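So the structure is just underneath, and the comments pick up after that.
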Amino acid sequence: MRGLSDDTSGPGPSHGTLGPGPGRVRGSLEAAFTAMAVLAALALLVSGCATGGTGARDEGPAHSDSVAGVAEAKSPSPSATVDDHVDAVKLVMDDPQVSPAVKHELKPCVADEYAVDVSYGVLTGGPANDVVVNVMTCGDAVGIGSYVYRETGGTYENVFKAEEPPVYAEIDRGDLVVTKQVYEKGDPVSSPSGENVITYRWTTGRFVQEYSTHNEYSNAVGGDATPAPSSN
């Protein structure tokens, strides 16, 4: 079979360039049908995106998840059942178990500020936090009374008191720890000779002493000459 060449001098379509035979026409038709199919597919894809149906840019589900996450993050946590705020001064002044001497010393130090420390925590195992109140003197902050109040039926009940100054009560891992400074004759207020640390635990409806520790201080460093407060 003779191959094609660039010679166009010979007669007939078999020499030189090919004429528009049946194969050439069939190839042209197939190319046209392919182009139409591509255009139809593109039109369908554009239509789907424009209507927000199932196109690749439909981000409905992802948006719903993000909104739910934000709503969950902003949801308020369950409110506390206990209002950790009491009027400690009123609580002490209205308490008949508090001595008149402590009530007499409980007065504003500066403007309407009182020398009162208040702590909240679990001591008695009740449904609400217990309240520990320490009343101190204005001048030298000596503890003159320590009290524990237990919430019962919407009111506070005095379940512990210590009024032998200097005294201070605090909560330590569910126990009530009371510190009483010890002064020997001639000790200034700023330099007690030692302290007694007594730990109480709530047992069968009352505070029971668990153990006591005595610590002695060094008086090597001198203090002022202010006498220690009387415990009488």
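Quick caveat: nothing in here was measured; it's all calculated off a predicted structure. Position 1 is the first residue of the sequence, and the numbers go up from there.
Between atom OH of residue Y156 and atom CG of residue L91 there is a gap of 8.0 Å, rounded to the nearest 0.5 Å. Going from atom CZ of R206 over to atom CZ of R201 covers 14.5 Å, rounded to the nearest 0.5 Å. Rounding to the nearest 0.5 angstrom, the gap separating the CD atom in E157 from the CG atom in D130 is 10.5 Å. To the nearest 0.5 angstrom, E195 atom CD is 10.5 Å from Y183 atom OH.
The backbone N or O of P188 sits nowhere less than 3.5 Å from a side-chain atom of S191 that would complete a donor-acceptor pair. Of the possible polar contacts, one joining the N158 side chain to the F160 backbone as a donor-acceptor pair under 3.5 Å is found. D187 places a side-chain N or O within 3.5 Å of a backbone atom of E184 that can act as its donor or acceptor partner. The main-chain N or O of K90 is found under 3.5 Å from a side-chain atom of D87 such that the two form a donor-acceptor pair.
Here the closest non-hydrogen pair linking Y120 and H85 is OH-CA, 3.2 Å. Contact between A128 and E151 at its shortest, heavy atoms only, is CB-OE1, 3.8 Å. When all heavy atoms of L123 and G174 are compared, the pair lying nearest together is CD2-O, 3.6 Å.
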Run the side-chain donor-acceptor check on residues 141-149: report pairs under 3.5 Å with partners two or more places apart or on a different chain.
unit_1 : atom_1 : unit_2 : atom_2 : d
S146   : OG     : N134   : OD1    : 2.6
S146   : OG     : A169   : N      : 3.4
Y147   : OH     : E163   : OE2    : 2.5
Y149   : OH     : D95    : OD2    : 2.7

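Here the side chains of Y114 and L106 are in contact, with some heavy-atom distance below 4.5 Å. Between V208 and W202, the closest side-chain pair of non-hydrogen atoms is not below 4.5 Å.
Look at K180 and E164 and you find a salt bridge, because one of the NZ, NE, NH1 or NH2 atoms lies within 4.0 Å of a carboxylate O, short of that distance.
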Please walk me through it: do I198 and V177 pass side chain to side chain contact (heavy atoms under 4.5 Å, CB included)?
CA-CA 6 Å; I198 307 171; V177 179; over 6 Å; no
As a quick check of understanding, evaluate side chain to side chain contact (heavy atoms under 4.5 Å, CB included) for V118 and V132, giving each step before the final call.
CA-CA 6 Å; V118 185; V132 178; over 6 Å; no
Derivation and outcome, side chain to side chain contact (heavy atoms under 4.5 Å, CB included), residues E105 and V135:
CA-CA 9 Å; E105 292 294 330; V135 179; 5.8 Å; no
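When V197, V167, N215, N196 are each tested for a side chain to side chain contact (heavy atoms under 4.5 Å, CB included) with T179, only one passes: V197. A side chain to side chain contact (heavy atoms under 4.5 Å, CB included) with F207 is found for one member of L176, T199, V178 and no other, namely L176.
Criterion: ILVMFWY side-chain heavy atoms under 4.5 Å apart, direct or through other members. Under it, V133 and Y168 are not part of a common hydrophobic cluster.
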